[in-house]
Amino acid sequence: MSFWPLFPKSDYVKNLELHAHLNGSLSRSTLKALGCLDNTIGTYQTVETNLDDVFSLFQVAHKATRTIDNLLYATRKVIEEFADDNVIYLELRTTPRSEEGMSTEEYIETVVKAVRSVGSGKILVKLLLSLDRRRSMEKQEEVLDLIIGYKDKYPDLIKGVDLSGDPSKGAFFKQVFEKARKHGLYTAIHCAEVKNDEEVKDIIEFKPDRLGHGTFIHPQYGGSLNIWEVYKQKEIPVECCLTSNVICKTSKSYKQHHVQEWIKESLPFCLSTDDKGVFNTSLSKEFQVVQENFNLTQEELWKISKNSVEYSFASPEEKQFLIFELEQWRNKNIPNR
Ligand code: IMP
Ligand code: ZN
């Protein structure tokens with residue numbers, strides 16, 4: 001029997017969310033508050049879709065956050081909702097963009113302002129800024145230069161760069177990420193969401209700080225033995241987003257999700273929501289799904305959260321604090337381990 005429902009919500013495992021896209025995380029109620037009509041959100045919340053559909057669905061959220069006020073409101077809401085789900089540390093990522101009446105700089109400043117305005121007592125928030133893989137190398141570098149400037153302005157908040165966007169389009173440019181690394185930015189790269197052996201190998205060899213998804217790496221899940229061997233030498237933490245992968249049909253089912261190979265071989269991974277609004281999920285649901293499908297104990301689930309501290313981009317002092325919080329929770333809730 002699942003232990004999870006036995007816990008009242010306030011006693012759920014305290015969690016760390018390391019892979020959440022801001023605009024994909026907008027909940028139904030936030031979208032409605034921002035004027036989205038029921039029928040557009042209806043499609044947005046679909047449970048049967050594929051990667052192409054999902055990428056057209058992001059436009060709904062992008063329309064909702066095209067003004068400074070709306071973006072401020074939406075960002076605050078996303079943070080509050082993660083905090084309500086017992087997330088104590090959140091790395092939120094977003095693609096800086098301009099709109100009529102909002103420059104790219106204003107977009108970044110607004111997200112920073114929203115993070116600063118949410119009380120730090122309950123949840124610690126860091127930002128990753130995303131490069132869209134559909135953009136040319138020159139454009140990605142241009143955005144990176146802007147990000148480097150903001151990292152220098154807000155060093156305790158802007159921690160890294162992500163590469164995301166439609167995985168069937170665009171490219172990973174190693175020199176862009178080498179520059180990011182040279183400027184002290186952490187790197188988190190969406191990798192192997194679809195089969196693309198050559199790119200996957202290039203990314204793994206670059207050894208980013210974390211990989212997003214990592215679906216088509218293991219030979220049993222469409223990768224190759226060679227890539228898997230290279231991956232195992234590098235041991236890069238993978239951000240596993242089970243519901244996202246199942247809904248996008250890049251994983252056949254929860255039971256057939258590649259996370260089990262990471263569990264079996266004690267390889268580094270964390271659990272994440274990806275786009276909690278689009279996929280109608282939450283981090284506690286992702287933990288529940290893993291517990292139910294792979295029969296993990298409370299202690300093993302707790303260990304996933306604890307390991308995430310190590311993979312996070314928090315400072316050493318912040319990591320110490322997070323470990324303390326998790327240990328307090330464990331002493332109270334898993335006394336007989
Ligand atoms: P935003 O960056 O805050 O605008 O969040 C939405 C954006 O995140 C989308 O337009 C995509 O570029 C990116 N994104 C969200 N989910 C995924 C994913 O699963 N794979 C790749 N990119 C994604
Ligand atoms: Zn993602």
Side-chain angles (χ1 to χ4, degrees), residues 17-27 30-31 34 44 49-66 70-79 82 90-99 102 104 107-108 110-112 114-115 125 127-135 139-140 143 147 158 160-172 187-194 196 199-200 203 208 210-216 238-251 269-281 283 286:
E17 171 59 86
L18 304 184
H19 185 138
H21 299 267
L22 171 59
N23 280 281
S25 300
L26 267 58
S27 63
T30 299
L31 289 167
L34 296 177
Y44 190 82
T49 185
N50 58 40
L51 265 174
D52 284 345
D53 292 342
V54 166
F55 277 89
S56 61
L57 295 174
F58 289 127
Q59 288 166 9
V60 176
H62 285 155
K63 252 194 191 164
T65 57
R66 72 191 154 192
N70 283 11
L71 179 63
L72 190 67
Y73 175 86
T75 309
R76 282 186 184 140
K77 277 290 174 197
V78 166
I79 297 169
F82 274 113
L90 166 66
E91 282 179 19
L92 197 57
R93 57 186 80 189
T94 193
T95 322
R97 65 177 211 270
S98 62
E99 295 282 351
M102 175 168 63
T104 312
Y107 183 95
I108 298 173
T110 303
V111 175
V112 168
V115 173
V125 185
L127 288 175
L128 311 187
L129 296 173
S130 305
L131 299 179
D132 188 334
R133 54 177 290 132
R134 291 163 287 197
R135 303 267 175 256
K139 185 68 197 168
Q140 287 190 30
V143 181
I147 295 171
I158 296 177
V161 186
D162 154 59
L163 180 70
S164 52
D166 190 337
S168 61
K169 303 193 174 89
F172 158 68
T187 56
I189 300 186
H190 281 64
C191 175
E193 273 184 280
V194 294
N196 188 348
E199 181 185 279
V200 171
I203 296 175
R210 294 198 309 257
L211 298 176
H213 299 292
T215 313
F216 292 79
V238 171
E239 302 149 355
C240 290
C241 312
L242 278 81
T243 298
S244 162
N245 298 155
V246 171
I247 289 181
C248 291
K249 301 195 182 72
T250 50
S251 296
F269 73 96
C270 59
L271 297 179
S272 305
T273 53
D274 204 12
D275 299 283
K276 74 176 180 59
V278 172
F279 302 123
N280 198 17
T281 190
L283 194 52
E286 296 303 307

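We count residues from 1, following the sequence as given. Both ligands and their constituent atoms are indexed starting at 1 by order of listing.
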Please determine if K63 forms a cation-pi arrangement with F58, meaning its NZ or CZ atom is less than 6.0 Å from the six-membered ring centre and no more than 45° off the ring axis.
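No, K63 and F58 do not form such a contact.
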Legend entry - Shortest protein heavy-atom distance from atom 20 (N) of ligand 1, along with the residue and atom involved: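 Checked against all protein heavy atoms, atom 20 (N) of ligand 1 sits closest to E193 OE2, 2.8 Å.
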For atom 15 (C) of ligand 1, what's the nearest protein heavy-atom neighbour? Residue, atom name and distance, please.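 For atom 15 (C) of ligand 1, the nearest protein heavy atom comes out as F58 CZ, 3.2 Å.
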Cut-off 3.5 Å, side chains only: do [X] and [Y] have a donor facing an acceptor?
| X | Y | value |
| --- | --- | --- |
| E286 | S272 | no |
| Y107 | T95 | no |
| D274 | H19 | yes |
| T65 | R97 | yes |

Using a 4.0 Å cutoff against the non-hydrogen atoms of [X], which atoms of ligand 1 qualify?
| X | answer |
| --- | --- |
| F55 | 11 (C), 20 (N), 21 (C), 22 (N), 23 (C) |
| H213 | 19 (O) |
| G165 | 12 (O), 21 (C), 22 (N) |
| L22 | 3 (O) |

TODO: Evaluate the criterion salt bridge (charged side-chain N to carboxylate O under 4.0 Å, His left out) for residue pair E193 and R133; output intermediate values, then yes/no.
DONE: CA-CA 13 Å; E193 273 184 280; R133 54 177 290 132; over 6 Å; no
Between [X] and ligand 1, does any nitrogen or oxygen pair lie at a separation below 3.5 Å?
| X | answer |
| --- | --- |
| D132 | no |
| R97 | no |
| N23 | yes |
| T95 | yes |
| D274 | yes |
| S130 | no |

- Message: For a 4.5 angstrom cut-off between non-hydrogen side-chain atoms, does N245 reach C248?
- Response: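 No, every pair of side-chain atoms sits at 4.5 Å or beyond.
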As a test of reading the structure, name the N/O/S atom of H21 that is nearest the Zn ion (ligand 2).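 It is NE2, the N, O or S atom of H21 closest to the Zn ion (ligand 2).
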| Considering only heavy atoms, does Q59 approach ligand 1 within less than 4.0 Å through its side chain, its backbone, both, or neither? |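 Contact part for Q59 vs ligand 1: neither.
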Next item on the list: May I ask whether R133 places a heavy atom under 4.0 Å from ligand 1?
Entry: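 It does not, in that no heavy atom of R133 comes within the 4.0 Å cut-off of ligand 1.
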What are the two closest non-hydrogen atoms of H190 and R93, and how far apart are they?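 Heavy-atom minimum between the residues: CE1-NH1, 3.6 Å.
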query: What angle sits at the Zn ion (ligand 2) between OD1 of D274 and NE2 of H190, to 10°?
result: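 It rounds to 170°.
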